[in-house]
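First the structure, in the form of structure tokens, and then the observations on it.
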2 protein chains.
Amino acid sequence: MTDAAFDTPGPDHEDAPRGATRSLTVTERIRTAILAGDFEAGARLHEVRLSERLGVSRTPVRSALQSLASEGLLEYAPNRGYAVRRFSTAEIVDAYEIRAVMEALAARFAAERGLPDQEREAIERVLADGDDLLARTELGEEERIVYSAINGTFHEAIHSAARCRMLTDMVRLCHSVPHSSHRNVISFEHMDVRRRHDDHHRIYDAILACDAYRAEMLMREHVASVKTSLVRALSGRPLPRRGR
Amino acid sequence: MTDAAFDTPGPDHEDAPRGATRSLTVTERIRTAILAGDFEAGARLHEVRLSERLGVSRTPVRSALQSLASEGLLEYAPNRGYAVRRFSTAEIVDAYEIRAVMEALAARFAAERGLPDQEREAIERVLADGDDLLARTELGEEERIVYSAINGTFHEAIHSAARCRMLTDMVRLCHSVPHSSHRNVISFEHMDVRRRHDDHHRIYDAILACDAYRAEMLMREHVASVKTSLVRALSGRPLPRRGR
DNA sequence: GAGGCGCAATTTGTATACATTATGACTTGA
DNA sequence: TCAAGTCATAATGTATACAAATTGCGCCTC
């Protein structure tokens with residue numbers, strides 16, 4: 001709650017990036033705090049308290065709260081303000097299902113429209129990085145964190161290749177649901193990073209081959225499969241050991 | 001531009017619905033104006049002019065513009081304000097593809113989770129209404145408008161049955177794209193209302209039978225098929241008026 | 001003691017004044 | 001003539017004062 005990184009760095013700090021208004025800065029800081037869990041679910045966010053802690057007036061704070069509410073991170077009720085949104089387990093799982101469908105469509109678009117050079121290079125680089133990383137026999141915590149970044153870059157390159165803004169926006173919406181970001185998958189994808197990396201290769205092959213149907217199906221299963229691990233993790237049951 | 005319905009009805013009009021702030025009222029009025037095509041695409045919306053025309057201060061206007069931008073109706077650039085978003089033909093078509101995938105997922109959820117009584121009754125009623133309407137041999141303009149409402153109710157009942165807020169939100173986002181609302185299909189679905197109504201029956205049957213796969217596939221094809229008609233209409237002649 | 005009424009304190013909503021940034025026209029120099 | 005710089009203008013961004021709504025507490029009544 002009293003996170004030092006959150007409180008005001010002073011009005012003369014002035015590292016203002018060009019083109020950034022206070023509203024945008026404040027939005028980003030509050031968003032980060034929420035995603036970091038600095039506020040508990042359901043907690044109300046009082047405009048005055050926030051503005052005092054952040055060292056700005058209520059105006060940019062109100063603007064930020066409105067933004068975050070439309071992102072789905074906050075609940076709003078007229079004359080009653082904003083509160084941190086609660087996500088039920090069902091909502092978190094559903095978000096995965098939705099993300100699976102959206103990313104699958106992105107993969108289809110990429111296959112239909114062809115990979116721009118930039119995205120093709122990014123994907124090939126990241127696939128090679130993954131190959132190198134997974135060549136090691138042992139995968140420790142550190143390797144999984146690195147792989148998480150690789151995973152994120154892969155998926156972002158696909159979205160970018162889809163060249164569809166609405167799709168990008170919607171996937172971003174999915175990422176505002178806790179546990180639903182591909183940056184967070186490390187927490188429950190421990191078991192088979194290798195299988196997931198192989199999925200990436202196949203998806204890339206399908207896109208290169210302009211096989212839209214296969215790209216879509218593979219991506220859908222790829223994302224949806226995490227849902228199973230997630231459900232297991234959320235219900236607190238241990239991961240089953242399999243052969244292979 | 002100078003739409004009488006848009007300009008201020010006077011500050012003493014006071015038909016304020018309970019729980020509605022000025023920000024919300026203004027948001028609704030500007031949204032309606034945009035969807036009705038009162039502003040041309042790319043036009044900038046000046047805060048002062050809007051606030052004068054609407055008889056309120058800049059504060060609720062700014063709030064409204066921010067809302068509409070996050071709905072995707074406006075573009076925002078820091079220090080440069082808001083402008084009516086331009087939608088390319090590609091974006092409009094893509095929105096249909098996205099809507100197809102989302103509504104298909106909604107149909108799947110409905111099949112998996114079962115239809116609540118309220119939605120089941122709504123769908124059965126609307127299917128029967130459609131049967132009656134289509135029993136006539138001739139379908140004029142008026143019948144198609146009536147069927148458009150029937151179509152909308154059917155699709156909304158499915159969303160509602162999916163019981164997934166994020167899905168509902170995203171479908172709503174799709175509807176903010178011109179020509180992409182199921183309330184608008186009359187303009188290019190002239191050709192086979194009967195086929196589309198038959199789709200509705202099959203989708204309902206699949207949901208009743210808890211056949212999630214079939215419900216999803218049918219709904220996806222049902223929505224995506226309109227895309228074909230849309231592409232034909234858009235390429236055939238210039239864009240008809242936005243909205244409605 | 002339970003329930004309802006009303007006031008006061010707190011919080012959000014709105015208006016407005018001021019600060020800051022973009023924009024375009026004008027000037028000035030090469 | 002053109003380019004670059006400057007300054008005026010007009011727009012957006014922010015702060016703050018005030019209005020309206022909600023909420024909780026205390027009191028009164030039954």
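By convention in this document, chain letters (A, B, ...) are assigned in the order of the sequence lines, proteins followed by strands, and residues within each chain are numbered from 1. On a predicted model such as this, the values are computed, not experimentally measured, just so you know.
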Protein and nucleotides 6-11 of chain C: nitrogen or oxygen contacts under 3.5 angstrom:
| from | atom 1 | to | atom 2 | distance (Å) |
| --- | --- | --- | --- | --- |
| dT11(C) | OP1 | Arg49(A) | NH2 | 3.1 |

Can you find a heavy atom in the side chain of Cys174(A) that is under 4.5 Å from one in the side chain of Met166(B)?
yes
Contact list please: residues 56-70 of chain A against DNA chain D, heavy atoms, distance less than 4.0 Å, in numerical order.
Val56(A), Ser57(A), Arg58(A), Thr59(A), Pro60(A)
Mind checking whether Leu173(A) and Leu173(B) have side chains closer than 4.5 Å, heavy atoms only?
yes
Nearest-Å distance for atom pair OH/C1', residues Tyr76(A) and dT22(D):
13 Å
Whether His222(B) and His155(B) hold their rings parallel, tilted or perpendicular, with breakpoints at 30° and 60°
parallel
Between Ser63(B) (side chain) and Thr59(B) (backbone), is there a donor-acceptor pair under 3.5 Å?
no
Check this for me: Gln118(A), atom CD, are more than 12 non-hydrogen atoms of other residues, nucleotides or ligands nearer than 6.0 Å?
no
Could you check whether any side-chain heavy atom of Leu167(A) comes within less than 4.5 Å of a side-chain heavy atom of Met102(A), counting everything from C-beta outward?
yes
Are Leu50(B) and Leu65(B) side-chain neighbours, meaning at least one heavy-atom pair lies under 4.5 Å?
yes
Should Ser23(A) be listed as having a side-chain N or O under 4.0 Å from OP1 or OP2 of dT14(D)?
yes
So do Asp94(A) and Phe109(B) actually touch side chain to side chain, heavy atoms under 4.5 Å?
yes
